[in-house]
Number of protein chains: 2
Amino acid sequence: MPDRDASLETIQRELTAFARRARAAAARLHPELSLVSYTLLAHLEEQGGCRATDLAAHYLLDKSTVSRQIAALERLGLVERLPAPEDQRAQVLHLTARGAETLAQVAANRRDAFRERLGDWDGADLDRFAAYLLRYNTSARMPGRR
Amino acid sequence: MPDRDASLETIQRELTAFARRARAAAARLHPELSLVSYTLLAHLEEQGGCRATDLAAHYLLDKSTVSRQIAALERLGLVERLPAPEDQRAQVLHLTARGAETLAQVAANRRDAFRERLGDWDGADLDRFAAYLLRYNTSARMPGRR
DNA sequence: GGTTCTGGTTGTATAGTACAACTTAAAGAT
DNA sequence: ATCTTTAAGTTGTACTATACAACCAGAACC
């Protein structure tokens, strides 16, 4: 009967374990780009550019954190800032060609690592796992905010 | 047809996003106990005590990191060290009564948070999600090591 | 009994993060 | 229209988790 509780327990434990390992794993996988940097770059690509504030909101980071991350990425020549057309305070961030290239490289590494790790899963399982994760994250993102 | 690739892409993205948020979420959930501390305490409880080295090995942490974490937990009165019976260098770590209590409290908070977040999932989905996570983590833990 | 290994601590450095104070510009209120 | 409040970003400061290297003490192995 408390199958439900057992499942919750497992989900909690495994997600936690995963989170603990993720940073180190990312560092092993691509030393040039931390997990945060990677995430921010990926978001910029996906969105085709956005403001620092949007990044902060989306990833639950402080503006100062994003500001420094972006500054670092800019120093590396991976990100550029353009004045926002409608708001003189804001800047629209976007990838440089080099940024896109680096991101593609790292993404490929990551993809390969995942592909290898999940190589023996069948397609239907992958699909369902992906759907579950998406659902989990979406529910997590929406409510707790304020 | 590269459904498979799409799923992999989603899994990668969502796991990454989750990892990024986990620390902050944990901090909101229980400011007294960081995610690492929580993890270490939970492991001690689960194992009924173990050495610092075991923790380091299990969580892919440096000994120095564990040493400092444990020192902090000891200062908080949540963990005690006992001389290891057979090895004079080693110490067996275990929870104090207060540590067990704190852990239980935090674990309950976490459980509630997860229960709320996943409240509208049906049992079969929870079960499958848990199984997928477990499978993922197990495959991740084993091979890449060295 | 010396060499090597293992458990643990301490020194030092770095990255990621938050919070608070500040600047500048936009938006709202009167 | 000005005055106040809000929003976007930056910078100062501090803390935490982490690693790596150097070290010490006990164990294990010749």
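Just so you know, these numbers come straight off a predicted model, no measurement behind them. Order of the sequence lines sets the chain letters (A, B, ...), proteins ahead of strands, with each chain counted from 1.
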Distance in angstrom units between [X] [atom1] and [N] [atom2], rounded:
X	N	atom1	atom2	answer
B:Glu74	C:dG8	CD	P	13 Å
B:Leu73	C:dG8	CG	P	15 Å
A:Leu33	C:dA15	CG	C1'	14 Å
A:Leu93	D:dT10	CG	C1'	13 Å
A:Leu55	C:dT17	CG	C1'	16 Å
A:Tyr59	C:dG16	OH	P	15 Å
A:Gln91	D:dT10	CD	C1'	10 Å

### Query
Using 30° and 60° as the class limits, which term best fits the ring planes of A:Phe18 and B:Tyr136: parallel, tilted or perpendicular?
perpendicular
### Parallel, tilted or perpendicular: ring planes of A:Tyr59 versus A:His43, cut at 30 and 60 degrees
perpendicular
### Message
Heavy-atom count check: over 12 atoms from other residues, nucleotides or ligands less than 6.0 Å from A:Gln47 CD?
### Response
yes
### Message
Taking the six-membered ring of B:Tyr132 as reference, does the cationic atom of A:Arg128 (NZ for Lys, CZ for Arg) lie under 6.0 Å from its centre and within 45° of its axis?
### Response
no
### Message
On the six-membered ring of B:Phe114, is B:Arg111 placed so that its NZ or CZ lies under 6.0 angstrom from the centre and within 45° of the ring axis?
### Response
no
### Message
C:dG7, OP1 or OP2 - any side-chain N/O from B:Gln88 closer than 4.0 Å?
### Response
no
### Query
Nearest to the side chain of B:Arg51, which nucleotide is it out of D:dA8, C:dG7, C:dT9?
C:dG7
#### Entry: Per-nucleotide protein contact string for nucleotides 16-25 of chain D, where B marks a base within reach and S marks sugar-phosphate only (heavy atoms under 4.0 Å, - for neither)
-SSBBB---B
### Summary
CG of B:Leu40 to OG of B:Ser34, rounded to nearest 0.5 Å, is 7.5 Å
